[in-house]
There are 2 protein chains.
Amino acid sequence: MKPTVHDIAKIAGVSLATVDRVLNGRPGVRSVTRGKVEEAITSLGYVRDLAAANLAKSRTYSFVFILPANDNSFMIGLHEEVRGAVARSSAERTDIRIVDVPPFDARALVAALEAVLVEKPAGVAFVAIDTRDVRAVTERLRQAGIPMVTLVSDLPDSSRDHYAGIDNIAAGRTAGSLMGRFLSGPFLGEGGATVAVLAGSMLVRDHRERLEGFSAVIDQAYPKVHILPVLEGRDDPALAETMIADTLRRNADIAGIYSLGAGNRGLIRALHRARGPSRPLVIAHELTASTRAALADGVIDAVLNQDAGHEVRSAIRVLKAKADGLPVLAAQERIRIDIFLKDNLP
Amino acid sequence: MKPTVHDIAKIAGVSLATVDRVLNGRPGVRSVTRGKVEEAITSLGYVRDLAAANLAKSRTYSFVFILPANDNSFMIGLHEEVRGAVARSSAERTDIRIVDVPPFDARALVAALEAVLVEKPAGVAFVAIDTRDVRAVTERLRQAGIPMVTLVSDLPDSSRDHYAGIDNIAAGRTAGSLMGRFLSGPFLGEGGATVAVLAGSMLVRDHRERLEGFSAVIDQAYPKVHILPVLEGRDDPALAETMIADTLRRNADIAGIYSLGAGNRGLIRALHRARGPSRPLVIAHELTASTRAALADGVIDAVLNQDAGHEVRSAIRVLKAKADGLPVLAAQERIRIDIFLKDNLP
DNA sequence: GAAATTCTGAGGTACGTAAATCAAAATTTG
DNA sequence: CAAATTTTGATTTACGTACCTCAGAATTTC
């Protein structure tokens, strides 16, 4: 039988009230007595029954999710996953509030985080933007004891407790490696190949890191591949379409395209329009309805994906654990880079 | 506030005892009264507080995991993950027992499942072997109301409730696609390429399915690639080593190897020994210490992986849900095929 | 219409923990 | 050494559900 507070009281030779005082850090216990109780706890291997404790406290974990109100499918999907979690929230003793902020707007994010500071929820998750101001607020949140999880885009070396997202450098490297290997066959050979890169914005860390990883692998392992200057499409389908169409028109010899941000609907439209003699090899991020269809059609060759549902559920699990002061299972919470070819679409 | 049994009693105009009788399917309630209560339940949107219910019942979920006592790293890792779950079990109200059976032994598996039938745990997970006898026992388990989850290797169209493992046909297709594309470059060209396939046993479904998917893609999309007859290494490193060494000696022109089972330590040893002028392209399954090292060294080019930890945790979640008659979150429980190149090793 | 049977209500105890009150004991302070 | 203070004990209520008993009401059966 699992030991209970009653067992501790018996072993330590104190009353239930004293055990409770020790367990919950309440005042009014001499250090001698506290020592006896703690000894009994460790000797019995007592672990508090969280379900019973939460029941007694009639506790609900209140979390805030700050999400950019982006127009692209990935962010819309992320929103949906959080809404799904809200729907399940009553059964999980959580109470999740969604706060929308304008995309790529550090000041709006800071303002939202400051509001969190006032509200004092049990935890907050947000898509980070990497600026000094944002870092500064996170430090204030940490001091206020509010657990923080960054979602999708990280803020390394800051006060955040955890990052629920993929390793974007590794993602970029993987894209580079696939690009290099796939190109080595039918495309390369006569001297070299030109590759275009479409990003959302170099201001967000995840995009910077993907480019970094991609370039590193290409430069090092596939020196015959030449990367054009990055196109910044602000994750906007319409903008992406014109940029890609322009680039394809100007550089007839483009052998590959790496789309490391969102807004792939535009990219795909441009590709469909530009049906030339030989289509370029395309590697994109995020499996959405449109990229999935493009993969199946052979317009896109590979899609690297992060599962928004996993990220949201992981963020919630981690916030809960942090709120309870429990350790997190790192292996469980690592968000993986999914690689989809047309053959392993789920 | 979430509605409770008290609210139901009040709304339905009955006593708490009657609500309890309805909720827990106890006898002694007229259908008119039952109707009133059920109406109140739906109108209030009542959902039973599982944590409180489990506390009241002082319930622990007892699960049995039947695992083959294989010598390869993957199965050893799987064992470890289950043991990890056992270690965490007290906090999760689970009580997991591990039963070891000899590998590739359908009769031993049947015997273990029959023992489960007697023990009547809250659920059972097992690595399936696809025979009539095994199917027959699962039907008896289903009739006994014991939730079943197949782990790693499935038993489709049987009485099992869920499969915690990857789609092996898709995995095989993915391997075929990578093999075809990677070979198209440096290896192919002058007419064709020869590929060897190393499996564990064609008696287990997962291996059959991987081969099926692999062959389908190669035959259809890469007709220049020729697949040698399958080698069956019984997931045994020593046997695999001699088989691969033999094959490499006999067929000097081998361009690729697809290792779809376990026992890769042997494969890797053979590859290291046989350092010829041009090394073959190698795609293997399961990321273990040895395949990871081989990937990093460039001896293996790609590894398809299933995360044993995820599979075990998913199996437990599903068994719990089935035991409680709750729905499972399909998206959460889908086990993904990880593709590792040397660039995205975790 | 009485007896037998079936329903229903009221109430309690339990699960393991939290949190509170109040009295009693121990300790410290002056 | 008495008074003030701190520490501890005993007890209670609560969280939401499960499960039990027993009495009384309603219904059915003869």
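As the structure is a prediction and not an experimental result, all values here were calculated from the model. In the text below, chain A, chain B and the rest are named by the order of the sequence lines, each starting its count at 1.
Between A/Arg93 and B/Asp49, at least one side-chain N (NZ, or NE/NH1/NH2) sits under 4.0 Å from a carboxylate O, which counts as a salt bridge. Using a 4.0 Å cut-off between charged nitrogen and carboxylate oxygen, B/Arg26 and B/Asp20 count as a salt-bridge pair. Note on A/Asp324 versus A/Arg59: salt bridge recorded, some NZ/NE/NH1/NH2 to OD/OE distance being below 4.0 Å. Salt bridge present: A/Arg142 and A/Glu139 bring a charged side-chain N and a carboxylate O closer than 4.0 Å. Under the 4.0 Å criterion applied to side-chain N and carboxylate O atoms, A/Lys320 and A/Glu92 are not assigned as salt-bridge partners.
If you check residues 54-61 of chain A against DNA chain D, the residues with a heavy atom closer than 4.0 Å are A/Leu55, A/Ala56, listed by number. Applying a 4.0 Å cut-off to non-hydrogen atoms, the residues of residues 17-27 of chain A that approach DNA chain D are A/Ala17, A/Thr18, A/Arg21, listed by residue number.
In this structure, B/Ile8 atom CD1 and D/dA18 atom C1' are separated by 14 Å, rounded to whole Å. Whole-Å rounding puts the B/Lys10 NZ to D/dG16 C1' distance at 14 Å. One atom, CG of A/Leu44, and another, C1' of C/dT17, lie 16 Å apart when rounded to the nearest Å. As rounded to whole Å, 13 Å separates atom P of C/dA18 from atom CZ of A/Arg93. Following rounding to the nearest Å, B/Asp49 (CG) and C/dG16 (P) show an atom-to-atom distance of 16 Å. Distance A/Arg34 CZ to C/dT27 P: 17 Å, rounded to the nearest Å. The distance between atom CG of B/Asp7 and atom P of D/dC15, rounded to the nearest whole Å, is 11 Å. The distance from atom NE2 of A/His6 to atom P of D/dT11 is 12 Å, rounded to the nearest whole Å.
Proximity of B/Arg48 to the phosphate of D/dA18: a side-chain N or O atom is located under 4.0 Å from OP1 or OP2. B/Arg30 has no side-chain polar atom (N or O) that falls below the 4.0 Å cut-off from OP1 or OP2 of C/dT6.
Shortest non-hydrogen contact noted between B/Leu155 and B/Ile129 is CD1-O, 3.6 Å.
Counting non-hydrogen atoms of neighbouring residues, nucleotides and ligands closer than 6.0 angstrom, the CZ atom of A/Arg83 exceeds 12 such neighbours. The 12-atom threshold is not exceeded at NZ of A/Lys10, counting heavy atoms of other residues, nucleotides or ligands nearer than 6.0 Å. Counting heavy-atom neighbours within 6.0 Å of B/Gln332 CD, excluding the residue itself, gives a total above 12.
Each of B/Ala53 and A/Ser31 has a nearest nucleotide on DNA chain D; the 5'-most of these lies closest to A/Ser31.
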